[in-house]
Amino acid sequence: MTALALRLRRSRHLPVVAAAACTLGLLLVGSLYSRNFLSADYLLLQLQIASFLGLVATGAMLVILLGGIDLSVPWLVTVGGVMSAAAAGWWGPAGEWLAIPFGILCGCLFGIVNGIGVAYLRVPSMIFTLGINAVAQGLIVVQTGGFAPQDRATPAMHLLATGRSLLGIPNPLLVWIVVGACTLFLLHRTTLGRAIYGVGNSERAAYLSGVDTRRVTLLCFAIAGACSAAAGVLLTGYSTKAYQAMGDAYQLPAIAAVVLGGTHILGGRGSYVGTVVGVILITLLQSILSVMQIPEMGRQVIYGAVIIAMLLMYGRGRRHSQ
Amino acid sequence: MDPVLELVDVSKRYGGVRALDRAQFACAPGRIHALLGENGAGKSTLIKIMAGVVQPDEGRIVLEGTDRRFVHPQHAVAAGIACIFQELSLMPHLSVADNICITNPPTRLGLIDRRAQRRVAEAALARAGAQDIHPLAPVDSLSLSRRQMVEIAKALSRQPKILILDEATSALTAADVQRVYGLLKRLRDEGLAIVYISHRMNEIAELADECSVFRNGRHVATFAAGSQSDAQTVEMMIGRDIAHAFPPKPPPRAAAETAPPALDVRGLSWGGRLHDIRLAVRPGEIVGLGGLDGQGQREFFLALFGVLRGVAGEVRQGGDPVSAGSPRQAKRRGIGIALVPEDRKTDGLMLPMSVRDNLSFAALDRLSRAGVVIASVEAEATAAMVRRLSIKAPELGDPVATLSGGNQQKVVIAKWLMNAPRIVLLSDPTRGIDVGTKQEIYVLLRRLAEEGAAVLLYSTDYAELIGCCDRVAVFFDGRILRWLAGAELTEHALVASALNLTAETLH
Amino acid sequence: AGPAVVSGPGENPACFKPWDASTKYFQWPAKKGPYRIALANGFVGNTWRIQMIKMAKAYAATPEMKSQIKEFKIVSTGTDVAAQIAAMDNFINSGYDAIVTIAVNPTAFAPVIKRANAAGIVVVPFDNVLDSTEVMMVNEDQTAMGAQSGEWLVKNIPSKSGRLLEVRGVPGNSVDRDRHLGFRKVVEAPGNKFEVVEVVGNWDDGTAQKAVADAVAVHKNFDGMYTQGGSTGSVRALIDAKHKMIPVAGEAENGFRKLCVERAKDGLLCTSLGQSPGLVAISMKAAVAALQGKVMPQLISVPIPTATHPDFKAGENYFPDLSDNFFTTNDFPPCGVTLKATDIMSKDEKNN
Amino acid sequence: MREDWRFRLREQRACWTAAALFVLIFALYIGKHQTGWTVPVLTTAANKGVLLAIVAMAQTLPVLTSGIDLSVGMVFVLANCLASHLVVGTPLQAAAGVLVVLATGALCGWINGAIIVYGRLQPIITTLATGAVYFGLALGLRPVPGGDVHAGLADALTGALPGGVPAMLVVLLAVVLGVWVPFRRSAVGRSALAIGSAEAAAYMSGVNIGRTRLVTYTLAGLLASIGGLLLTFVTYSGEASAAIGGVYTLNSIAAVVIGGTSLAGGAGSAIGSVFGALVLRTIGDLLFVFDLEPLWQPLFQGVILLAAVSLGALRLLKVDNRLDLFK
Ligand SMILES: Nc1ncnc2c1ncn2[C@@H]1O[C@H](COP(=O)(O)OP(=O)(O)OP(=O)(O)O)[C@@H](O)[C@H]1O
Ligand SMILES: Nc1ncnc2c1ncn2[C@@H]1O[C@H](COP(=O)(O)OP(=O)(O)OP(=O)(O)O)[C@@H](O)[C@H]1O
Ligand SMILES: [Mg+2]
Ligand SMILES: [Mg+2]
């Protein structure tokens with residue numbers, strides 16, 4: 001038993017296994033409250049809802065792997081939603097289909113600015129993305145307040161966010177699966193993926209190995225911006241409209257999910273599978289605490305305590321000079 | 001005389017490496033005790049144990065007759081042991097005075113008394129013979145040799161009973177070296193026990209009262225200075241004849257002389273740090289860079305590798321001017337430069353990443369199509385490289401941090417060989433590497449050259465330069481001061497030109 | 001200084017309706033117009049606030065107000081209560097005649113009101129108001145809003161039993177508390193046998209939609225729903241879950257009302273009552289009246305604009321062509337505030 | 001001795017830059033203000049500015065050790081809620097309440113430090129999580145806004161002294177002199193800088209790393225709670241608002257950066273952060289003196305914030321060894 005625990009502790013899969021075990025544990029606790037927590041309906045719904053967070057966390061993970069952090073999530077999600085809906089309004093029927101790529105593109109542009117600030121101006125990501133978040137908010141307030149763009153989701157967006165086109169699997173889950181598969185491929189099979197891990201472990205060493213580390217950073221932030229915006233598009237489809245501050249609920253859960261999935265907050269280490277498990281864990285935790293009507297106070301305390309407890313379980317960090 | 005500090009049967013392993021193996025050591029007050037041994041013999045580990053930085057796996061530390069355990073450097077400091085580490089332990093953002101008094105500042109009402117601290121620092125600097133250093137200067141504004149003096153002053157300010165210096169003179173200017181000699185002799189006469197590590201035999205001869213030789217983590221012998229000849233001492237350190245450590249050099253070939261140089265540097269300058277460097281290397285040649293540490297050798301490599309901004313001068317390859325604005329350009333097929341940086345832990349490797357990922361990292365462009373790594377090609381290429389350099393790694397998927405230092409260094413070299421470079425720059429590639437591995441690396445360098453690469457080797461180890469290189473350019477203050485080749489290439493000539501003996505009076 | 005407490009009745013009681021019989025009346029010394037009026041807003045990043053700001057600007061530009069206002073300045077300070085207090089102080093220091101405000105945290109405003117009174121400045125908090133009888137305020141009765149929603153639900157669930165879903169607002173906010181208490185008082189009154197399930201929706205469509213979806217997935221069946229805000233999202237979640245259509249008491253978002261009309265044939269029964277961004281206009285009007293020396297009730301009760309099935313009328317109390325996020329009720333005829341919805345959130349911007 | 005000045009100035013350069021930036025912006029603000037340099041205007045600015053300044057000081061301490069404290073805002077809110085319960089009644093009771101509030105803040109900071117030192121977790125994620133816990137506790141204390149505070153104390157601290165000096169500035173000065181200066185001048189404060197500068201070197205020099213971190217985070221918690229206490233005096237009430245906690249945390253980091261402290265640690269000063277905070281606050285105040293469209297105000301603030309934090313990029317022009325970019 002202890003031997004097994006020790007082996008696990010040494011292997012890189014401990015976070016994934018632990019988070020998965022914790023997820024199962026949560027479901028069991030939930031099922032004491034209501035059988036329905038184990039129903040397929042409920043679980044599929046959770047996966048559908050987790051997809052939104054999953055997309056955001058995908059971008060967040062890329063940035064964290066680099067050793068950065070992206071605090072512009074809330075308003076980039078809103079940018080994605082508002083701009084896609086607006087595009088549908090501007091371009092009429094053609095906008096129907098252009099809307100989705102346009103929204104994502106807008107997020108991507110903001111992501112590129114993030115990347116320029118972090119990679120080329122070398123402003124700490126924590127602070128530059130904070131500034132971009134404020135700018136994005138400002139632009140959206142001006143845009144909705146000044147020009148009253150359309151904010152209704154197109155049918156295509158609605159279908160993408162709530163439909164079930166394949167074997168009863170929610171469409172957003174399909175989207176997440178596709179994005180997740182691409183990310184897995186990106187991280188583990190491409191030169192860019194290697195470069196991301198390299199930069200996260202030691203930007204110096206990666207640079208001296210002939211990697212254009214600034215371009216890698218720029219790309220990751222661009223992808224992160226696009227992921228946030230894509231989540232915004234899906235959310236718009238889900239609630240059939242885009243609205244201000246729709247991304248507020250995603251910033252901290254995304255970071256928490258990535259870290260609970262075993263990605264090192266200082267970068268360079270982590271697997272996407274871990275992030276997937278982390279996202280599901282966080283979504284379930286939020287949902288179960290909500291449905292069990294735990295008062296907000298208790299929810300916050302439990303939420304924080306779970307994060308600390310799990311990280312402590314993954315093993316304490318190494319000491320410095322040894 | 002009774003020893004003040006005694007280490008009995010101490011052992012220490014780092015992963016697979018036995019840094020110390022039941023080693024013995026004792027030092028007495030009023031004596032300078034030299035620790036001798038090859039790179040990686042375990043000298044630094046031994047003194048780190050004395051200083052409480054590293055905990056021994058087994059063995060006892062006896063201080064003034066009582067068994068002690070130093071679980072934290074503070075305890076050793078409190079016990080009167082002051083240590084100057086090989087990797088300096090200064091805080092670059094803090095001022096000289098802050099550094100000197102970091103653990104035991106003079107206080108008034110619980111707060112640091114800055115005036116008193118300044119006096120302490122001034123006194124310590126004066127004692128170390130470095131009055132020219134301003135106590136309020138931030139350490140990161142000082143040159144390496146000045147920093148080393150600060151480090152010495154810092155150790156002195158702790159009023160130690162035992163003073164340990166680990167290659168404390170490696171980066172000093174000649175004038176400072178003399179000052180430190182005088183200081184150490186004075187301290188010895190005041191009754192301190194001094195442990196002195198150096199690779200320079202002349203320093204040992206001048207200073208030491210006693211010598212202890214270590215080899216591969218074992219204590220080999222302790223004897224009074226002067227009782228053994230240099231040759232005997234070296235024999236003890238290396239365990240065999242030095243001549244066999246290096247592969248034979250090929251005779252100078254007439255044809256090679258006329259071949260166009262693989263690298264032709266003309267008038268390269270950078271800021272105030274590199275001045276008008278001219279140098280040509282032909283394929284098949286190993287050219288050494290000598291001189292004291294920090295005379296611009298590293299910057300020269302960085303300039304060639306495209307890391308520095310604002311480099312003036314011309315670099316030609318096969319007659320065509322080339323310019324690399326970044327390592328990415330420098331490693332391109334057309335240019336084909338590889339740089340093996342001296343600090344493998346921060347610059348050469350991504351420690352938590354697997355051996356395989358590290359090996360293929362610099363050559364991914366060759367192992368991928370359209371940005372997608374072809375796993376089979378990668379596996380084959382890395383396996384071939386592991387065989388070629390006989391890298392000992394239990395599992396290629398393990399983090400490279402779990403390998404021993406020598407094997408890590410091999411990984412750094414291998415990762416660049418994957419790229420089939422035409423010009424290889426190596427910066428102190430054998431630092432902290434055991435004897436056997438070193439020899440393998442020398443053979444490898446020679447083979448690389450024979451295969452047509454041009455090799456530039458910077459080393460702080462004179463024997464290495466003499467044994468390995470066809471020619472050596474001695475750097476001094478950002479210039480090439482002298483070229484040494486053939487019979488001129490002796491330790492004496494290297495040392496003399498490294499210290500720029502004719503210019504010594506200027507300092 | 002501050003206003004003198006006088007006896008009623010006050011100015012234009014149809015518009016400035018006193019809260020209840022015990023409401024005091026205030027009178028400030030009359031000042032000569034035109035006046036300098038400020039709006040100290042907190043957060044801006046949601047549709048309600050944007051609509052409120054545009055409403056304020058539009059109302060200030062009406063002929064009626066234009067003649068009375070020399071300068072109208074709007075500052076939004078974000079969510080930090082200290083910054084908003086400083087904004088109020090700044091307006092006081094700069095000698096504005098009246099300050100209209102939505103407090104980030106109303107209990108925090110006592111000291112600033114004191115300073116305003118000392119300077120003879122009329123402060124009119126609205127929407128998120130204070131538990132104070134020392135300052136003139138404009139609001140809808142939040143407890144009554146909860147109670148009214150509860151009553152309507154009880155009335156529309158003949159069995160007076162079953163499971164109700166309550167979607168609450170931002171935790172820690174007094175509006176959330178008042179509406180919640182009002183609602184619970186009614187549905188938990190003797191004679192009713194409801195089981196109430198409570199989730200937190202943060203007055204946000206996305207959050208509410210998720211919370212309702214979760215609740216439906218676990219509890220399967222509800223007989224009625226009260227949602228404090230994010231009503232569109234709450235109903236969406238019912239529709240997405242293919243839950244049977246039930247009576248829903250919600251806020252006054254346009255999207256909610258649109259859904260109510262659309263799904264009425266499936267049995268969705270709605271009442272929609274909400275906080276109107278138009279409160280700002282009434283507050284501005286009240287501020288001007290006070291400055292003119294009129295007698296004003298201390299607590300002005302604005303009627304809760306309510307629309308209940310089957311009285312939803314396109315172009316009147318909901319707007320099929322406008323955004324879902326639009327808040328439907330903006331005009332208050334008794335007050336002469338008759339800004340048309342399309343004037344405020346129209347696509348071709350004229351008043352920006 | 002002339003050289004002494006040169007070194008002292010160099011050490012304080014970032015701090016002076018922030019101070020100069022503040023003076024510039026504040027002069028612009030006062031110059032355009034309708035009433036200008038008067039006691040009420042200064043008092044208003046001080047009441048708002050000092051809160052953020054103190055939270056920014058709290059943030060500076062962990063940042064100096066190359067850590068970060070994402071829970072400062074939540075400790076600030078928790079202290080506010082606690083103070084609205086405890087700092088009431090007779091002067092003696094109020095004083096006891098103040099002590100309890102400050103002790104609670106220090107305890108929160110100590111818990112952060114203990115998890116970081118003994119649990120060996122990263123500060124950023126540790127404090128993110130503990131921040132949630134502290135907010136939960138605050139919500140438990142104040143389910144809805146309310147409470148009260150000792151009015152005499154509050155009036156005294158938020159008003160102006162007889163000479164026309166805003167009392168809050170005096171409080172700020174007292175905190176600087178009472179907490180920051182002793183910290184900076186003590187061995188433990190210098191150890192904190194040493195850790196941020198080079199942790200391994202500090203360890204080898206015999207610096208007690210664990211204890212230093214513990215003290216640093218504890219003081220950060222204490223300072224954050226002083227901020228929360230002052231917020232109570234400004235608002236006469238307590239409120240558990242996640243939004244406020246978030247705003248103060250993020251602004252405190254921005255203030256630290258604008259104040260010239262590097263997020264990589266090792267160098268910087270809380271005085272710089274104080275000016276950074278005042279700069280941020282004055283940027284907000286510019287909205288009063290410039291007639292901006294209300295809906296353009298958030299954009300204006302965002303752009304200025306972005307510009308202010310990007311100022312540091314100017315130093316890149318001087319870098320001639322690209323490896324220096326990666327430290
Ligand atoms: N080699 C080191 N490099 C850097 N910091 C160190 C090192 N060793 C210890 N420290 C710091 O000093 C603190 C106290 O060290 P100490 O050795 O007393 O830990 P400990 O409490 O004994 O650990 P454990 O609980 O694992 O036995 C550590 O938490 C760490 O921050
Ligand atoms: N932190 C460490 N982790 C792993 N291996 C180490 C570590 N420190 C030293 N070693 C290994 O232990 C052995 C002894 O190293 P040590 O530094 O004591 O040698 P040294 O005699 O001081 O050599 P040099 O003359 O190069 O300074 C070497 O093989 C080295 O690679
Ligand atoms: Mg050596
Ligand atoms: Mg050594």
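Within every chain, numbering begins at 1; the chains are lettered A, B, ... in the order of the sequence lines, protein sequences first and strands thereafter.
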Peer 1: Which pairs with one or both residues in residues 217-226 of chain C pass side chain to side chain donor-acceptor pair (under 3.5 Å), sequence neighbours excluded?
Peer 2: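 Qualifying pairs: C/Asn221-C/Lys244.
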Peer 1: Which of residues 36-49 of chain A have a heavy atom under 4.5 Å from any heavy atom of chain C?
Peer 2: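 Result: A/Asn36, A/Phe37, A/Ser39, A/Asp41, A/Tyr42, A/Leu45, A/Gln46, A/Ile49.
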Peer 1: Given that the side chain runs from C-beta out, which part of A/Phe52 has a heavy atom under 4.5 Å from chain C: side chain, backbone, both or neither?
Peer 2: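 Nothing of A/Phe52, per the 4.5 Å heavy-atom cut-off to chain C.
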Peer 1: Quick check on the interface: out of A/Gly138, A/Gly30, A/Ala249, A/Ser287, who has the most heavy-atom pairs with chain C under 4.5 Å?
Peer 2: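 Option with the greatest count: A/Ser287.
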Peer 1: Applying salt bridge (charged side-chain N to carboxylate O under 4.0 Å, His left out), which residue pairs with at least one partner in residues 129-147 of chain A are found, sequence neighbours left out?
Peer 2: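 Every candidate salt bridge (charged side-chain N to carboxylate O under 4.0 Å, His left out) pair involving residues 129-147 of chain A fails, so no pair, neighbours aside, qualifies.
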Peer 1: Heavy-atom pairs under 4.5 Å with chain C are the metric here; pick the option from A/Ala85, A/Ala245, A/Pro295, A/Ser239 that has the most.
Peer 2: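 Among the listed options, the one with the most contacts to chain C is A/Ser239.
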Peer 1: Could you give the distance from CD (A/Gln244) to CZ (C/Arg49), rounded to the nearest 0.5 Å?
Peer 2: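 It is 12.0 Å, given to the nearest 0.5 Å.
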Peer 1: Under 4.5 Å heavy-atom distance to chain A, tell me which part of C/Thr232 shows up: side chain, backbone, both or neither.
Peer 2: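 The answer is the side chain of C/Thr232.
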Peer 1: Around atom NZ of C/Lys242, are there more than 12 heavy atoms of other residues, nucleotides or ligands at under 6.0 Å?
Peer 2: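 Counting other residues, nucleotides and ligands, NZ of C/Lys242 stays at 12 neighbours or fewer.
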Peer 1: Consider only side-chain N and O atoms of C/Asp240 and A/Tyr238, and report whether a donor and an acceptor are under 3.5 Å apart.
Peer 2: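 The answer is no; no qualifying pair exists.
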Peer 1: To the nearest 0.5 Å, what is the distance between CD on A/Glu296 and CG on C/Asn202?
Peer 2: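 Taking CD in A/Glu296 and CG in C/Asn202, the distance rounds to 7.0 Å.
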Peer 1: Report the C-alpha separation of C/Arg236 and A/Thr162 in whole Å, then their side-chain angles, then the decisive distance to 0.1 Å, and conclude whether the side-chain contact (heavy atoms from CB on, under 4.5 Å) test is met.
Peer 2: CA-CA 11 Å; C/Arg236 276 274 163 228; A/Thr162 56; over 6 Å; no
Peer 1: How many angstroms lie between NZ in C/Lys258 and OG1 in A/Thr240, if you round to the nearest 0.5 Å?
Peer 2: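 Result: 8.5 Å between the selected atoms.
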Peer 1: Measuring heavy-atom distances to chain A, does C/Val216 have an atom under 4.5 Å in its side chain, in its backbone, in both, or in neither?
Peer 2: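 The answer is neither part of C/Val216.
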Peer 1: Using the side chain to side chain donor-acceptor pair (under 3.5 Å) definition, which of the options C/Thr47, C/Asn325, C/Asp324 pairs with A/Lys241?
Peer 2: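 Of the listed options, the one satisfying the test is C/Asn325.
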Peer 1: Is a side-chain N or O of A/Tyr243 found less than 3.5 angstrom from the main chain of C/Asp204, in a donor-acceptor match?
Peer 2: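 Checking the backbone N and O of C/Asp204 against the side chain of A/Tyr243, no donor-acceptor pair under 3.5 Å is found.
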Peer 1: Could you state the interatomic distance from CD (C/Gln209) to CG (A/Leu235), rounded to the nearest 0.5 Å?
Peer 2: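 The CD atom of C/Gln209 sits 8.5 Å away from the CG atom of A/Leu235.
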Peer 1: Contact part of A/Arg35 toward chain C, heavy-atom cut-off under 4.5 Å: side chain, backbone, both or neither?
Peer 2: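 Nothing of A/Arg35, per the 4.5 Å heavy-atom cut-off to chain C.
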Peer 1: Compare every heavy atom of C/Ala215 with every heavy atom of A/Val291, then report the nearest pair and how far apart it is.
Peer 2: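 The pair with the smallest heavy-atom distance is CG2-N, 4.1 Å.
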Peer 1: For the CG atom of A/Leu289 and the CG atom of C/Asp214, what is their distance to the nearest 0.5 Å?
Peer 2: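 Interatomic distance, A/Leu289 CG to C/Asp214 CG, rounded to 0.5 Å: 11.0 Å.
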Peer 1: Who pairs with C/Thr227 by side chain to side chain donor-acceptor pair (under 3.5 Å), at least two apart in sequence or on another chain?
Peer 2: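 Testing C/Thr227 for side chain to side chain donor-acceptor pair (under 3.5 Å), a comparison that skips the adjacent residues, returns C/Ser234.
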Peer 1: Pick one of side chain, backbone, both or neither for C/Val196, based on which atoms fall under 4.5 Å of a heavy atom in chain A.
Peer 2: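 Only the backbone of C/Val196 comes within 4.5 Å of chain A.
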Peer 1: Select one option (side chain, backbone, both, neither) describing which atoms of A/Ala242 are under 4.5 Å from chain C's heavy atoms.
Peer 2: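 The answer is the backbone of A/Ala242.
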